[in-house]
K.L.:
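Can you keep this structure in mind? I'll have questions shortly.
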Amino acid sequence: MKFNVSSKTLYSYVSAVSKVINSKNALTVLNNFLFELNDNLLTITASDLENTLVASLTVMDGEGSGKFCIDARRIVDLLKEMPDQGIEFIIDDNNLSVEIKYNNGNYSFIALNGNEYPSNENTDDESAFSFNYPTDQLIKGIDNTLFAVGNDDLRPQMMGILWDIKDDAITFVATDTRKLVRYSNNAKAPGYEGSFILPVKPATVIKNVFAKEAEIKITVSPKSATFESASFKFNCRFIKGSFPDYNRVIPTNNPYVVTVDRHSFLNAVRRVGVFVDQGHGLVKFKIEKDKMILRATDNNFCTSAREEVACDFTGNDMIIGFSAPYLIEISSTISTDELIIKLSDPSRPGVFVPSDEKEGDNLLMLLMPMTVTDF
């Protein structure tokens with residue numbers, strides 16, 4: 001077998017596919033890419049048994065067909081350092097020796113038999129359903145929720161993003177019991193009803209690999225989903241179990257509304273957050289009609305901080321506490337100039353929403369308060 005390909009083109013594909021490979025694998029062969037050549041079509045596969053990503057690209061002067069495994073780290077590092085020019089792969093079908101040639105040099109090594117690479121192909125499932133969805137909306141759903149995913153092994157159902165799919169919209173939800181994010185968009189109707197929990201790793205792969213694609217075909221089966229574009233095909237397993245009923249914990253009546261400049265609020269929390277007790281990260285807020293006062297103390301180091309931020313508050317004066325790291329995550333994820341915080345009392349969750357949204361978007365973030373004994 002042999003073929004020619006641009007070094008930078010091949011590098012862009014192998015670097016994308018490599019995102020699936022773990023640093024440590026149960027099977028040594030999973031440290032490799034599976035290359036499969038059929039005339040001028042080259043497919044590159046990487047897998048960790050739970051997730052499989054396949055890239056397809058057209059090469060030049062392809063001869064023969066077959067499959068072989070190449071050490072992933074070595075080929076990625078080599079192509080990264082190569083100049084942008086054509087390279088030639090020559091593979092001996094008998095002993096699987098591989099030679100890579102280009103104008104200034106050549107490299108040789110031994111590949112593994114491609115038949116040793118585990119197959120993760122799903123058999124056709126009659127209950128599987130496919131629909132196309134805009135990539136930018138898909139990635140926006142992941143971006144808005146990924147930071148709120150839990151990391152508690154005792155609650156595995158919360159260690160992923162819930163995709164709650166309805167006929168007219170997809171709702172993305174993530175929670176770690178302290179914070180919850182819900183984002184929905186009805187830009188395109190899936191025409192399908194179902195739900196699954198997508199783990200963090202596949203969500204990150206989708207976000208990084210499919211970013212330049214206009215639309216993704218999504219095929220949902222009972223245990224896994226396949227995301228497919230012109231260049232990539234990604235299959236990933238779901239997290240087993242049932243996601244908590246997120247609608248039950250979202251307050252329906254938070255009558256008091258704070259409107260504040262998001263940048264001013266975020267910067268103030270970051271500064272005051274330097275002085276919080278690292279054990280709990282508490283920032284105390286005294287919210288008045290036209291301003292909020294932020295305070296933090298760390299008695300272990302005899303430090304304290306106080307700032308004022310202008311705001312518009314519709315309720316009576318209120319004292320409430322929130323975790324500084326969580327506030328920074330929420331305020332950084334929301335992108336509008338103004339931030340709206342809906343409150344009811346100091347013991348009830350605060351609801352954070354953007355001041356305005358694109359048509360069809362609905363973003364809501366919930367944060368549990370912390371106990372404040374004095375201000």
Side-chain angles (χ1 to χ4, degrees), residues 50-53 120-150 155-177 179-207 209-210 213-229 232-252 351 353-354 357-366:
E50 294 288 322
N51 310 285
T52 301
L53 179 58
N120 197 31
E121 293 182 0
N122 291 333
T123 56
D124 292 336
D125 193 320
E126 293 182 358
S127 61
F129 184 86
S130 298
F131 60 93
N132 294 332
Y133 204 75
T135 306
D136 58 342
Q137 295 301 331
L138 208 64
I139 292 177
K140 192 173 181 181
I142 292 172
D143 280 338
N144 283 328
T145 52
L146 195 57
F147 78 93
V149 171
R155 297 186 178 97
Q157 297 91 338
M158 295 185 186
M159 296 176 69
I161 301 171
L162 171 69
W163 294 44
D164 193 3
I165 307 172
K166 303 298 182 185
D167 275 337
D168 59 345
I170 298 180
T171 300
F172 301 84
V173 186
T175 182
D176 63 358
T177 71
K179 57 185 180 291
L180 179 146
V181 181
R182 183 193 69 191
Y183 170 77
S184 63
N185 179 275
N186 60 8
K188 184 167 183 179
Y192 162 79
E193 288 201 7
S195 65
F196 58 83
I197 306 171
L198 187 73
V200 169
K201 182 177 178 179
T204 306
V205 170
I206 293 168
K207 173 182 169 182
V209 172
F210 291 90
E213 308 290 338
E215 196 171 60
I216 299 178
K217 179 183 177 183
I218 305 171
T219 303
V220 182
S221 60
K223 295 182 180 180
S224 67
T226 301
F227 301 83
E228 193 171 357
S229 68
F232 296 97
K233 184 176 182 181
F234 179 50
N235 178 267
C236 56
R237 301 273 181 88
F238 301 146
I239 294 176
K240 297 179 182 178
S242 300
F243 199 85
D245 185 357
Y246 58 92
N247 288 312
R248 291 183 59 186
V249 300
I250 297 175
T252 55
V351 174
V353 296
E357 294 182 296
K358 293 181 179 179
E359 185 178 353
D361 280 6
N362 189 319
L363 175 62
L364 177 148
M365 301 189 180
L366 179 148

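As the structure is a computational prediction, the values presented were derived from the model and not from experiment. In what follows, every heavy atom counts, from backbone to side chain, and hydrogens, waters and symmetry copies are set aside.
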K.L.:
Give me the one residue out of Ile216, Val209, Leu53, Thr226 that meets side-chain contact (heavy atoms from CB on, under 4.5 Å) with Phe234.
P.N.:
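Single pass found, and it is Leu53.
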K.L.:
Checking Ser130 now: which residues fulfil side chain to side chain donor-acceptor pair (under 3.5 Å) with it, not counting sequence neighbours?
P.N.:
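Listed in chain order: Thr219.
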K.L.:
Answer yes or no: is there a side-chain heavy-atom contact under 4.5 Å between Val249 and Pro244?
P.N.:
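The answer is no, as the side chains (C-beta and beyond) never meet within the 4.5 Å cut-off.
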K.L.:
Looking at CG of Leu366 and OG1 of Thr175, how far apart are the two atoms once the value is rounded to the nearest 0.5 Å?
P.N.:
8.0 Å
K.L.:
Holding to side-chain contact (heavy atoms from CB on, under 4.5 Å), I want the full list of residues that pass it with Asp176, two or more places apart in sequence or in another chain.
P.N.:
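side-chain contact (heavy atoms from CB on, under 4.5 Å) list for Asp176, sorted by chain: Arg178, Lys179, Tyr326.
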K.L.:
Which residues pass the side chain to side chain donor-acceptor pair (under 3.5 Å) test with Glu213, sequence neighbours left out?
P.N.:
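By the side chain to side chain donor-acceptor pair (under 3.5 Å) rule, Glu213 matches no residue at all.
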K.L.:
Is it the case that Ser184 and Asn362 place a side-chain donor and acceptor less than 3.5 Å from each other?
P.N.:
no
K.L.:
Return each pair, listed once, that meets side chain to side chain donor-acceptor pair (under 3.5 Å) where at least one residue sits in residues 158-174; pairs must be two or more places apart or across chains.
P.N.:
Asp164-Tyr246
K.L.:
Locate the shortest heavy-atom distance separating Lys207 from Asp143; write the atom from each residue and the value.
P.N.:
CE-OD1, 2.9 Å
K.L.:
Sequence neighbours left out, what pairs pass salt bridge (charged side-chain N to carboxylate O under 4.0 Å, His left out) with at least one residue falling in residues 238-248?
P.N.:
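Applying salt bridge (charged side-chain N to carboxylate O under 4.0 Å, His left out) to every pair that reaches into residues 238-248, excluding sequence neighbours, yields nothing.
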K.L.:
How close do Gly241 and Ile197 get, heavy atom to heavy atom, and via which atoms?
P.N.:
O-CD1, 3.9 Å
K.L.:
Look at the side chain of Asp361 and the backbone N and O of Glu357, then say whether any donor-acceptor pair between them is shorter than 3.5 Å.
P.N.:
no
K.L.:
State which residue, out of Leu198, Leu363, Ile161, Leu162, fulfils the side-chain contact (heavy atoms from CB on, under 4.5 Å) condition with Thr145.
P.N.:
Ile161
K.L.:
Where do Ile239 and Pro156 come nearest, in terms of heavy atoms and distance?
P.N.:
CG2-O, 3.4 Å
K.L.:
For the residue pair Ser224 and Arg237, what are the closest heavy atoms and their distance?
P.N.:
CB-CA, 4.1 Å
K.L.:
If you round to the nearest 0.5 Å, how far is CG of Asn235 from NZ of Lys223?
P.N.:
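The CG atom of Asn235 is 12.5 Å from NZ of Lys223, to the nearest 0.5 Å.
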K.L.:
Looking at Ile170, Asn186, Asn185, which hits side-chain contact (heavy atoms from CB on, under 4.5 Å) with Gln137?
P.N.:
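Filter result, single survivor: Asn185.
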K.L.:
Tell me whether Lys201 at atom NZ has more than 12 heavy atoms from other residues, nucleotides or ligands lying less than 6.0 Å away.
P.N.:
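Check passes, neighbour count above 12.
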K.L.:
Of all residues at least two apart in sequence or in a different chain, which pass the side chain to side chain donor-acceptor pair (under 3.5 Å) check with Glu215?
P.N.:
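Here the qualifying residues are Lys188.
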K.L.:
Please find the pair of heavy atoms, one from Phe131 and one from Pro190, that lie closest to each other, and give the distance.
P.N.:
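Where Phe131 meets Pro190 most closely, the heavy atoms are CB-O, 3.6 Å.
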K.L.:
Do the rings of Phe232 and Phe210 sit parallel, tilted or perpendicular, given the 30° and 60° boundaries?
P.N.:
perpendicular
K.L.:
How far apart are the closest heavy atoms of Val149 and Met159, and which atoms are they?
P.N.:
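For Val149 and Met159, the tightest heavy-atom pair comes out as CG1-C, 3.3 Å.
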